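Heads up, the thing below is written out as structure tokens.
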Amino acid sequence: MFEIDKNAKRLSQSEKQQYLEDGYVTGLPVFSENAIKDIHDWYEELSSKLPKEIDINKTNMWHKASKKFYDLCRTPTILNYVEDLIGPNFVQWGGQFFSKEPKDGSVVPWHQDAQYWPLSPANAVTVWLAVFDTDEENAAMKVVSGSHKLGKFVHKKNDAKNLVLNQEVSFDQLDETKIVSLNLKAGQISLHNDALLHGSEANNSNRRRCGVTMRFSPTNVKGDLETWPFFETQLARGVDEYNLNPTAEIPRGEATPLKMFSFSHEFAKDW
């Protein structure tokens, strides 16, 4: 869809090892500087279709609704990085925006993704694509390096309106010396493991901040349909030799998610 950075490559052995040891890899080039305006226009086009009363952070399943979102997720450079971590056969099952306008006050509390996801085995990789430059000033995502190897942390419910998620890990459970800010230039990505503790603070700057998340798992991962009846997968690369999950239709046009969870067929009428 967009011009690829000439420095884009496959993961090195040391980057693969870092993912195993630390639970993340960051600063990976995908799109060139020439593509940044196109990415901004793409984001504006998709986000502007939402009614003003709906928070984009409370919507999901964009990969099932929008062909333009789906096509972005099929960028070969992105899939190459994912393949280097989880092998040649994998599916996509999530696609979302995490947006923070200047001084909007929204916070993503410390959490583990696997806490929210009834998937077995737990082996999901999240791609986080920076739409705008992101750093500590405008609330870059932060992670606790190595926390994915420490098991499940205690999550408590918190329905505070400024929280993007309603479950959080208390700060006293964190090793502060292991906190790393995943600063990214627009067009770069990070990758993180579903058990890694992460979160982000409020954007107190005058700059916009938005990340596009794409969730991928190997084809041997099964979703619990009793908990997540809407769970559907789209083959991202390779073959699905297990066929454990319902398949989501590939978007043929543009629809807009208005809530967190939807079946793919709900979007078809707008294509």
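Quick caveat: nothing in here was measured; it's all calculated off a predicted structure.
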**Prompt:** About how many Å separate OG1 of Thr75 and CE of Met1, when rounded to the nearest 0.5 Å?
**Reply:** 7.0 Å
**Atom of Thr256, atom of Ala65 and distance for their closest heavy-atom approach** = N-CB, 4.4 Å
**Request:** Taking the side chain as every heavy atom from C-beta outward, state whether Val143 and Leu182 have any pair of such atoms under 4.5 Å apart.
**Result:** yes
**Least distance between heavy atoms, Pro51 atom then Leu258 atom** = CD-CD2, 3.7 Å
**Request:** Without swapping roles, check the side chain of Asp84 against the backbone of Leu11 for a donor-acceptor pair under 3.5 Å.
**Result:** yes
**Message:** Any donor-acceptor pair under 3.5 Å linking the side-chain atoms of Thr59 with those of Gln96?
**Reply:** no
**Contact summary for Trp42 and Lys68, nearest pair of heavy atoms** = NE1-O, 3.3 Å
**Asked** Taking C-beta and beyond as the side chain, do Ile4 and Ser32 meet within less than 4.5 Å on heavy atoms?
**Response** no
**Message:** Nearest 0.5 angstrom please: Thr233 OG1 to Asn245 CG, how far?
**Reply:** 5.0 Å
**Asked** Taking 4.0 angstrom as the limit, do Lys9 and Glu15 come out as a salt bridge?
**Response** yes
**Prompt:** Would you call the rings of Phe171 and Trp110 parallel, tilted or perpendicular, where under 30° means parallel and over 60° means perpendicular?
**Reply:** tilted
**Message:** Check whether Arg209 reaches the backbone of Phe98 with its side chain - one donor and one acceptor, N or O, closer than 3.5 Å.
**Reply:** yes
**Message:** Under the criterion side chain to side chain contact (heavy atoms under 4.5 Å, CB included), I'd like the reasoning laid out for Asn158 against Asn166: C-alpha separation, chi angles, the key distance, then a yes or no.
**Reply:** CA-CA 5 Å; Asn158 186 340; Asn166 68 353; over 6 Å; no
**Message:** Tell me whether the count of non-hydrogen atoms from other residues, nucleotides or ligands lying under 6.0 Å of NZ in Lys157 goes above 12.
**Reply:** no
**Fill in**
In short, Ser99 meets Ile56 closest at the heavy-atom pair CB-CG2, 3.7 Å
**Asked** Is it true that a side-chain atom of Asn138 and a backbone atom of Asp135 form a donor plus acceptor pair closer than 3.5 Å?
**Response** yes
**Request:** Count the heavy atoms belonging to other residues, nucleotides or ligands that lie under 6.0 Å from NZ of Lys37, then report whether that count exceeds 12.
**Result:** no
**Asked** Between atom NZ of Lys49 and atom CD1 of Ile54, what is the distance when rounded to the nearest 0.5 Å?
**Response** 14.5 Å
**Sidechain-backbone polar pair: Asp5 side chain, Val30 backbone, donor-acceptor under 3.5 Å** = no
**Prompt:** Going by heavy atoms in the side chains, are Phe153 and Gln112 under 4.5 Å from each other?
**Reply:** yes
**Request:** Give a yes or no on whether the backbone of His63 and the side-chain of Gln234 come within a donor-acceptor separation of less than 3.5 Å.
**Result:** yes
**Message:** Would the distance check show the side chain of Asn89 and the main-chain N or O of Val239 forming a donor-acceptor pair, the cut-off being under 3.5 Å?
**Reply:** yes
**From Gln173 atom CD to Glu168 atom CD, the distance as rounded to the nearest 0.5 Å** = 10.0 Å
**Message:** Assess whether a salt bridge exists between Glu266 and Lys64, defined as any Lys/Arg side-chain N lying under 4.0 Å from an Asp/Glu carboxylate O.
**Reply:** no
**Asked** Is the count of non-hydrogen atoms from other residues, nucleotides or ligands lying under 6.0 Å from Lys178 atom NZ greater than 12?
**Response** no
**Short side-chain to backbone donor-acceptor contact, Glu137 and Asn204, under 3.5 Å** = no
**Donor-acceptor pair between Gln13 and Gln17 side chains, under 3.5 angstrom** = no
**Message:** Taking CD in Glu33 as the centre, count heavy atoms belonging to other residues, nucleotides or ligands within less than 6.0 Å. Is the count above 12?
**Reply:** no
**Message:** Any donor-acceptor pair under 3.5 Å linking the side-chain atoms of Asn80 with those of Arg237?
**Reply:** yes
**Item:** Leu85 reachable from Leu79 in the ILVMFWY side-chain graph, under 4.5 Å edges
**Value:** yes
**Message:** Pairing donors with acceptors under 3.5 angstrom, does anything connect the side chains of Asp113 and His198?
**Reply:** yes
**Asked** Do Leu129 and Met214 have side chains that get closer than 4.5 Å, going by heavy atoms?
**Response** yes
**Request:** Would you check, one step at a time, whether the test side-chain hydrogen bond (donor to acceptor under 3.5 Å, both in side chains) holds for Lys100 with Ser200?
**Result:** CA-CA 10 Å; Lys100 298 188 181 191; Ser200 61; 2.7 Å; yes
**Request:** Could you tell me how the ring of Phe97 sits relative to the ring of Trp62: parallel (under 30°), tilted (30 to 60°) or perpendicular (over 60°)?
**Result:** perpendicular
**Prompt:** Would you say the side chain of Gln167 lies within less than 4.5 Å of the side chain of His111, judging by non-hydrogen atoms?
**Reply:** no
**Prompt:** Would Ser12 and Ser14 satisfy side-chain hydrogen bond (donor to acceptor under 3.5 Å, both in side chains), going step by step from the backbone distance to the final call?
**Reply:** CA-CA 5 Å; Ser12 66; Ser14 62; 3.0 Å; yes
**Asked** Would you say the side chain of Leu174 lies within less than 4.5 Å of the side chain of Val169, judging by non-hydrogen atoms?
**Response** yes
**Prompt:** Less than 4.5 Å apart, any side-chain heavy atom of Val82 and any of Phe90?
**Reply:** yes
**Item:** Straight-line distance of Ser262 OG to Asn60 CG, nearest 0.5 Å
**Value:** 8.5 Å
**Asked** Does Gly94 offer a backbone N or O that forms a donor-acceptor pair with the side chain of Gln92 under 3.5 Å?
**Response** yes
**Item:** Within 6.0 Å of CD in Glu44, more than 12 heavy atoms from elsewhere
**Value:** yes
**Item:** Expected output: side-chain Tyr81 to main-chain Pro29 donor-acceptor under 3.5 Å
**Value:** yes
**Request:** Starting from the C-alpha separation in whole Å, work towards a yes-or-no answer on side chain to side chain contact (heavy atoms under 4.5 Å, CB included) for Phe231 and Asp224.
**Result:** CA-CA 8 Å; Phe231 184 76; Asp224 180 355; over 6 Å; no
**Point-to-point distance, once rounded to the nearest 0.5 Å, from CG of Asp159 to NZ of Lys161** = 11.0 Å
**Request:** State, with a plain yes or no, whether a side-chain heavy atom of Lys259 is found less than 4.5 Å away from one of Lys58.
**Result:** no
**Asked** In the single-linkage hydrophobic clustering (I, L, V, M, F, W, Y; side-chain heavy atoms under 4.5 Å), do Leu225 and Leu119 co-cluster?
**Response** yes
**Fill in**
Per ring-ring contact (aromatic ring centres under 6.0 Å, His included), Trp93 is matched among Phe216, Trp117, Phe230 by Trp117
**Prompt:** Between Leu165 and Leu196, is there a shared hydrophobic cluster once you connect ILVMFWY residues whose side-chain heavy atoms come closer than 4.5 Å?
**Reply:** no
**Worked check of side chain to side chain contact (heavy atoms under 4.5 Å, CB included) between Tyr24 and Thr126** = CA-CA 9 Å; Tyr24 72 93; Thr126 292; over 6 Å; no
**Item:** Main-chain N/O of Ala130 paired with Thr134 side-chain donor or acceptor, under 3.5 Å
**Value:** no
**Asked** Is there a chain of hydrophobic side chains (I, L, V, M, F, W, Y, each step under 4.5 Å between heavy atoms) that links Ile36 to Ile189?
**Response** yes
**Chi angles and distances behind the side chain to side chain contact (heavy atoms under 4.5 Å, CB included) call for His192, Val125** = CA-CA 6 Å; His192 69 266; Val125 173; over 6 Å; no
**Message:** Using the rule given for side-chain hydrogen bond (donor to acceptor under 3.5 Å, both in side chains), can you reason through Thr219 versus Glu241, listing the C-alpha separation, both sets of side-chain angles and the distance that settles it, and then say yes or no?
**Reply:** CA-CA 7 Å; Thr219 52; Glu241 65 273 53; 3.0 Å; yes
**Request:** Indicate if Tyr242 and Val221 have the same hydrophobic cluster label, given that clusters are the connected sets of ILVMFWY residues with side-chain heavy-atom separations under 4.5 angstrom.
**Result:** no
**Request:** For Ser66 and Glu254, run side-chain hydrogen bond (donor to acceptor under 3.5 Å, both in side chains): C-alpha distance rounded to whole Å, both residues' side-chain angles, the deciding distance at 0.1 Å, then the answer.
**Result:** CA-CA 4 Å; Ser66 163; Glu254 296 303 308; 2.6 Å; yes
